[in-house]
Amino acid sequence: MDRWGGIFEVRRMPICLLLVAICGLMGRDALGAAESDGLSIGALKQMSIEELMNLDVTSVSKQPEPYGRAAAAIQVITQDQIRRSGASSIPEALRLADNLDVAQQNSHDWSISARGFNTALANKLLVLVDGRSVYTPLFSGVFWNVQDYLLEDIDRIEVISGPGGTLWGANAVNGVINISSKNAKDTQGLYLEGGGGGPELKGFTGVRYGGTLAPDVYFRAYGKYFDRGNEKFADGSDASDSWSMRQGGFRVDSFASAGNVLTVQGDLYGSDLEVPAGGDGKASGGNVLGRWSHVISEDSNFSLQLYYDRTHLADPITNQFGAAEILTDDLDTYDLDFQHHIRWNERNRIAWGFGYRFTHDVVDPSQNLAFVPLTLNRNLFSGFVQDEVMLIKNLFLTLGTKLEHNDYTGFEWEPSGRLQWNAAADQMLWTSVSRAVRMPSRVDRDIREPSPSISILAGESGFRSETLIAYELGYRARLGSKASASLSTFYNDYDHVRSLSYTPNTIVPLFFANNLAGDTYGAELSMDYQITDQWRLHGGYDLLRERIHVKSGQFDINKALNETEDPQQQFSLRSSVDFPRDIELDAGLRWVDKLIASDNGVPATVPSYFEMDVRLGWHPVPKLEFAIVGQNLLHSRHPEYGLVDTVSYREDIRRSVYGKVSYRW
């Protein structure tokens with residue numbers, strides 16, 4: 001069964017910890033040698049704890065502010081962390097964020113969410129790439145297998161768990177992922193990479209060149225390609241889900257005029273993949289974005305952004321209703337966004353803005369799946385205002401709201417209030433109350449399965465927006481010069497959550513309704529400890545409890561189990577060591593609790609697992625790097641998602657090893 005089928009679903013730890021500790025102890029024993037040899041590892045040195053706390057982030061207030069003063073449950077994945085993790089894709093890099101649940105379904109599909117509601121078509125997480133929203137209105141989620149970039153050119157990834165609707169709008173319900181690439185000025189010269197291994201990442205290559213077009217006008221262009229092999233089914237048979245992708249793009253940044261920054265960038269991609277149930281899928285697309293940032297004065301600045309995005313999807317659809325056929329979807333998106341930030345006086349910092357998005361979606365149905373109407377145009381208007389008020393010294397109150405109008409449910413409002421207390425120079429306590437919505441998608445309103453003429457499953461024209469009221473309390477601090485910690489707690493109250501219901505008189509078609517409600521609560525803890533300048537440990541722990549239920553007098557075939565395949569607990573430990581001779585050793589251990597999935601409304605378990613990734617890197621000269629990466633080393637294969645007893649659906653993720661060579665000039 002493919003990803004659309006998910007819509008209709010009627011003691012190794014001591015050894016692992018020892019390995020991580022050995023990595024660190026080896027690094028500690030080598031420190032004296034590194035210092036006495038006088039080797040220069042400045043280019044490889046990790047950020048200090050203080051530098052990390054002062055790293056600017058923009059996702060919380062849409063203005064640069066130090067991470068240590070950002071009043072939200074935010075984590076930052078830096079470029080150096082991505083490189084040293086050995087991640088070869090954006091979803092793999094997102095495992096570095098402790099506040100995310102990342103589950104790999106097969107060779108080319110992932111389920112990614114924050115604070116619950118992870119599913120094959122997760123729909124409560126907003127993802128942006130350089131300010132461009134990449135969610136699809138088909139199901140209000142993200143096709144992760146077409147979100148790619150040359151990882152070397154990513155500056156940072158900011159991950160907010162918790163609602164961000166006041167600034168970012170609909171679908172920023174459980175979190176926001178904001179991926180930012182480096183500007184062209186910081187990517188000058190030539191970069192080459194290549195490598196391969198198996199059985200997963202068979203081969204890859206990438207190239208980027210940056211230069212100048214005029215004084216203070218910089219450009220870069222890149223291209224990349226990769227080929228991934230098949231995973232295995234639970235019975236050990238080949239899943240036939242190989243995947244290859246090619247992508248290229250450019251970026252131009254102009255700093256030629258004082259107070260103005262102009263950016264133009266774009267990407268093109270094409271992807272070929274096999275679907276385990278049978279058939280070959282294809283995805284392609286491109287985008288172009290322009291942004292003008294203008295500083296009016298030291299107290300006022302604005303930005304204006306426009307982008308166009310085109311995607312084409314050809315997906316083999318196979319389910320219990322018929323043989324595989326191809327469903328195609330062509331989506332055109334036009335988006336405009338304006339925002340203005342002004343310091344009104346010594347106590348008030350105001351942000352306001354407006355936006356407009358137009359989507360044109362054309363679906364060519366298969367026998368097994370259709371969307372009616374086949375062609376659909378949708379408009380989304382939005383405006384927001386937010387005021388940060390200094391009540392007294394070191395105590396700030398932020399109030400704001402976003403107002404949106406969509407063609408499904410009309411006006412939606414998403415207010416928030418946030419209180420921040422800077423208790424000391426290196427300690428901050430914050431709390432907030434927010435409202436967010438997940439507006440309907442084409443799956444909710446327009447889906448027909450297996451076909452428009454005879455449907456067992458149908459969308460519901462009266463489907464309304466899902467809503468969330470979120471309460472949060474958090475603390476972030478630098479604990480001396482060697483350690484830092486961040487703790488976030490939350491309670492989320494959901495209403496009008498999607499259910500699968502039926503009409504008593506007709507039984508079929510089944511249809512989507514808003515018959516579920518409930519709450520989730522939990523905590524997210526992350527800590528960094530700089531043992532020495534060359535050795536750092538990072539630990540993370542998440543706790544999530546879910547209590548989603550069917551409303552009194554209502555009905556759900558899946559008994560409120562269909563969209564809550566979430567681990568109750570997660571734990572991670574990472575060690576990063578710099579050795580003499582410019583050698584790096586990184587090891588990451590993760591434990592993910594069992595998942596409770598829906599097997600036609602009956603609870604089914606995906607078992608918990610431990611896994612470890614290790615990377616060994618060497619810079620024989622500053623411009624050249626060799627690395628060998630082992631992923632999922634503790635098992636030959638293991639499941640992360642899917643029904644254990646359904647061999648044709650659940651795939652196991654395999655152990656994989658690959659080598660990489662990169663060169664910078």
Handout entry: Identified side chain to side chain contact (heavy atoms under 4.5 Å, CB included) counterpart of Arg435 within the set Thr401, Thr467, Leu468
Key = Thr467
Exercise for the section: May I ask you to decide if the ring planes of Phe411 and His405 are parallel, tilted or perpendicular, using 30° and 60° as cut-offs? Expected result: perpendicular
Completion exercise
Distance col, row Thr205:OG1 vs Asp227:CG, nearest 0.5 angstrom, shows 12.5 Å
Problem - Cationic N near anionic O, under 4.0 Å, Asp309 to Arg132 - result: yes
Practice task
Would you check if there is a donor-acceptor pair between the side chains of Glu193 and Ser662 at a distance under 3.5 Å?
Solution key: no
Problem - Aromatic ring pairing Phe302/Trp292, orientation class (parallel under 30°, perpendicular over 60°, tilted between) - result: perpendicular
Exercise for the section: Give the ring-plane orientation class for Phe143 versus Phe139, where under 30° counts as parallel, over 60° as perpendicular and anything between as tilted. Expected result: perpendicular
Problem - Under 3.5 Å side-chain donor-acceptor pair for Asn183 and Asp253 - result: no
Handout entry: Six-ring centre of Trp168, Lys402 cation under 6.0 angstrom, axis tolerance 45°
Key = no
Practice task
Could you pull out the closest heavy-atom pair between Ser242 and Glu274, with the gap in Å?
Solution key: OG-OE1, 2.6 Å
Handout entry: Within 45° cone and under 6.0 Å: Arg69 NZ/CZ vs Phe396 ring
Key = no
Problem - Between Tyr222 and Gln247: side-chain donor-acceptor atoms closer than 3.5 Å - result: yes
Completion exercise
From the list Arg83, Lys224, Arg664, side-chain hydrogen bond (donor to acceptor under 3.5 Å, both in side chains) with Glu152 holds only for Arg664
Practice task
Check Lys282 against Asp272 and note the closest heavy-atom contact, atom names and distance.
Solution key: NZ-OD1, 2.6 Å
Practice task
Spell out, as yes or no, whether a donor-acceptor pair under 3.5 Å connects the side chain of Asp109 to the backbone of Gln105.
Solution key: no
Exercise for the section: Identify, with sequence neighbours excluded, every residue that meets salt bridge (Lys or Arg N to Asp or Glu O under 4.0 Å) alongside Lys124. Expected result: Glu466, Glu563
Exercise for the section: Take the angle between the ring planes of Trp352 and His340 and call it parallel below 30°, perpendicular above 60°, tilted in between. Expected result: perpendicular
Handout entry: Electrostatic pair Arg438-Asp444, nearest N-O below 4.0 angstrom
Key = yes
Exercise for the section: Output yes when a side-chain donor or acceptor of Asp407 lies under 3.5 Å from a complementary backbone atom of Asn379, and no otherwise. Expected result: yes
Handout entry: side-chain hydrogen bond (donor to acceptor under 3.5 Å, both in side chains) partners for Ser416, two or more places apart
Key = Thr166
Practice task
Would you kindly check if the NZ (Lys) or CZ (Arg) of Lys202 is within the cone defined by 45 degrees around the ring axis of Trp243 and under 6.0 Å from the six-membered ring centre?
Solution key: no
Fill in the blank from the handout: Separation between CG (Leu138) and CG (Asp446), nearest 0.5 Å, reads 9.0 Å
Completion exercise
ring pair (Phe, Tyr, Trp, His ring centres under 6.0 Å) pairs touching residues 113-134, sequence neighbours excluded, are Phe117-Tyr494
